[in-house]
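Quick caveat: nothing in here was measured; it's all calculated off a predicted structure.
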Amino acid sequence: MDDKGWSLKGSLLPLLLLVSDLLLCQGVTSLPICPTGAVNCQVSLRDLFDRAVILSHYIHNLSSEMFNEFFFIKKYAQGRGFITKAINSCHTSSLSTPEDKEQAQQIHHEDLLNLILRVLRSWNDPLYHLVSEVRRMQEAPDSMLSRAIEIEEQNRRLLEGMEKIVGQVHPGVRENEVYSIWSGLPSLQMADEDSRLFAFYNLLHCLRRDSHKIDNYLKLLKCRIVYDSNC
Amino acid sequence: MKESVASTVVFILLLFLNTGLLNGQSPPGKPVISKCRSPEKETFTCWWKPGEDGGLPTNYTLTYHKEGETTTHECPDYITSGPNSCYFNKKHTSIWTMYIITINATNKMGSSSSDPRYVDVTYIVEPDPPVNLTLELKQPEDKKTYLWMKWYPPTLVDVRSGWLTLQYEIRLKPEKATEWETHFAGQQTQFKILSLYPGQKYLVQVRCKPDHGFWSEWSPESSIQIPNDISMKDTIVWIFVAVLSTVICLIMVAAVALKGHSMITCILPPVPGPKIKGFDTHLLEKGKSEELLSALGCQDFPPISDCEDLLVEFLEVDDSEDQQLMPAHSKEHPGQDKKPTSLDPDSDSGRGSCDSPSLLSKKCEEARANPSTFNTPEDIEKPENPQTNVTCTQDAQSAHLEDKIPYFPADGSKSSTWPLPQPPSQHSPRSSYHNIADMCKLALGMTGTSAILLDKTDTQALRSSKTTKTGGEEKEAEQKEVESFHSKTDQGTAWLLPQEKTPFISVKPLDYVEIHKVNKDGALSLLPKQKENSHQTEKPSTCEGSKEYAKVSRVMDNNILVLVQDPRAQNLATFEEAAKEAPPSLQQNPAREDLASFSSAPSSCGLQLGGLDYLDPTCFMHSFQ
């Protein structure tokens, strides 16, 4: 039964992904784009933020679906066992991100922008490896692979967009590229299935959370910068 | 000693336990955390379901610890969210942090703990329903009425800073409908509904959903009454229209009922018969022969200059031995006397006067009263073809046009009332004609119509058709001749003559119509007597006992046969002279083949019987076939 449901879902999900991706791409590419290398190109900040918010929202949706699909529907879901072990094990925990609204509103938007950039950069590597490992994983459904590929690509685009925004919000400040290093690759490649699955669970759990953080911060920044806290 | 003490203690303990069990008291059952929800992603509440309380007052405590912390905290607020709940205010709420929550139930007998629940506030957001839903019916002048609704986000949710982004959904239905109509409204806080049923009361609800959260409950129903579209003025207009159309329908139904037949004839007119152009049949009916003939264009007939001595001759047809001749036709006139009427000359002549070849006179009209003598002729004369297509010349004035004048379909082959021309040997005895008028009347009598179409040539042939055979043959011959002649007549030239089935015992002077001319179709055109010149040989003669004969005196240049009255006590028309005269004059008309053939005929067919000159009509008929 689960397999049948899965196969159907598996066929629908890529289609859904494609459609949503097309919509997103349309939404993003319909806005004017600066040619690469142009220094003084001024896509409005409003458009940049709109695009960024669309991307971050989309990435989190994909991450949530991926997490749910893999661990709560498939028989591999270990539920609580993994949850208990996965506490406080995200590689980005070291980045001091605000934990509630007050903290997020108190932080300065430049710092918040930099924080976002750091988080996004921290995920470049893990996402790359996630795709390759999911591709290798035999138990993973096709939709999971498609989503993983999509997340990685959108994350890269969001990073570019954020760098543009930063360039507009406070130009001239070039931060050192600080990010958290991910060292979970060996865990993903473990021979022990249980350990491997837990490594995947952990990765997907952290991905879901961080994508939500980025999305939330960006929406806060958009309302604060573009709409002057009056969305 | 110690052993006894120990056993006593155990015994007492057991007693206590048993006592407790007997009383129904037990440690509390395991509580279960049912739900944790955050309405705005800033606070959250957890609810639990207690297990069995074991009959003793049980105390529930909620303990939790956060991800990354080791210290355990207790629920800060048991009250705000109601019984069996724990409310975490903003200070105690951290987003993107896992909470591990446990419920402890304790009573006198013992305690129990629930399974730990892992809660991340990020994913348990379920807001309150939107508030202040207002409905308004907007009616712009040029556009259709629409329903405009507005609402506000729930009070606790912070949308302005962007902490939560809400999406809305509305649903509405007419009050008595069962299905809701749902619309997604996106992030806007207003909505328009265009498709509304007038006169209905609508119920509307709205709900919201945060990005990455759960849908809220539906807001309380708001209702609005849609007014009727049709105004009072429109209603009156529609009532007026309905009444008017009802009246019109009734009128039409009445008209159809009363005049259905006439309407049918209007829609499906009866097939008209042949009609002479310019010929007003009504004039015939009224007896206004002058106008009638003038319409036909008959003028100056006969030409005065040439016709001083012209007399109108009458063609008399002898219908003796008619009984044998017309057995087949008797059916047309049932009840008619079929006595073999050897029409005595007197009667014939009487008829003849009436039956002047060119007219039906009023005498003939009177003669109708005596149908007996005419029966057989009619019978005899009646051809197989029931239709009377004999063309007669008649005096329009005297025409008895009281009857309705039907149209003859003057198609030659069938319309002839006379028997088809056949070789003389095949002639069946038929009655001869006293005169053309007789023939006409016979024909009319047979067909019951008063319209006769007589071709000029037919007339001539008739007049000159003196059969050398027996009377019956002669009659037959003439009959056939006429028939054949008639067969050549054009349809368009048919016209009507008063119908009379009565014999031709005309009792009053007849008016004669001269054959004025034959039009190109070979139709005989008649002129009323009045228009004729005095030199016309019209001589009204009494039908009774008058013996008038038609004799062709000569043929006019324009192929007009001039008939003169032959004061011979004969019932037969004398055509001989005319016949002899005719051919040359007839030959003058190159266009008339039949005339030419006609001309050739009489020379060979001329016979003389009893002083009467007859031409074998078959000869002529033959030529006309």
Test: A:C206-A:C90 SG spacing under 2.5 Å: yes
Axial cation check for B:W148 ring with B:K192, 6.0 Å and 45° limits: no
Test item: side-chain donor near acceptor, B:H73 and B:T71, under 3.5 Å: yes
Partner chain B: residue of A:H212, A:E102, A:H57 with the largest heavy-atom pair count (under 4.5 Å): A:H212
Engaged part of A:D210 at the chain B interface, taking heavy atoms whose separation is under 4.5 Å: neither
Residue-level contacts of residues 219-228 of chain A with chain B, using a heavy-atom cutoff under 4.5 Å: A:K219, A:L220, A:C223
Under 4.5 Å from a heavy atom of chain A, the part of B:T97 involved: both
A:R209 NZ/CZ over B:Y123 ring centroid, <6.0 Å and within 45° of normal: no
Side-chain heavy-atom pair B:D77, B:F88 within 4.5 angstrom cut-off: no
Check ion pair A:R147-A:E69 (N to O, under 4.0 angstrom): yes
With B:H183 via ring-ring contact (aromatic ring centres under 6.0 Å, His included) - residues at least two apart: B:F191
Residue among B:V159, B:D211, B:D120, B:V121 with most heavy-atom pairs under 4.5 Å to chain A: B:D211
Salt bridge (charged side-chain N to carboxylate O under 4.0 Å, His left out) evaluation trace for A:K101 with B:D158: CA-CA 10 Å; A:K101 186 174 95 171; B:D158 184 3; 2.6 Å; yes
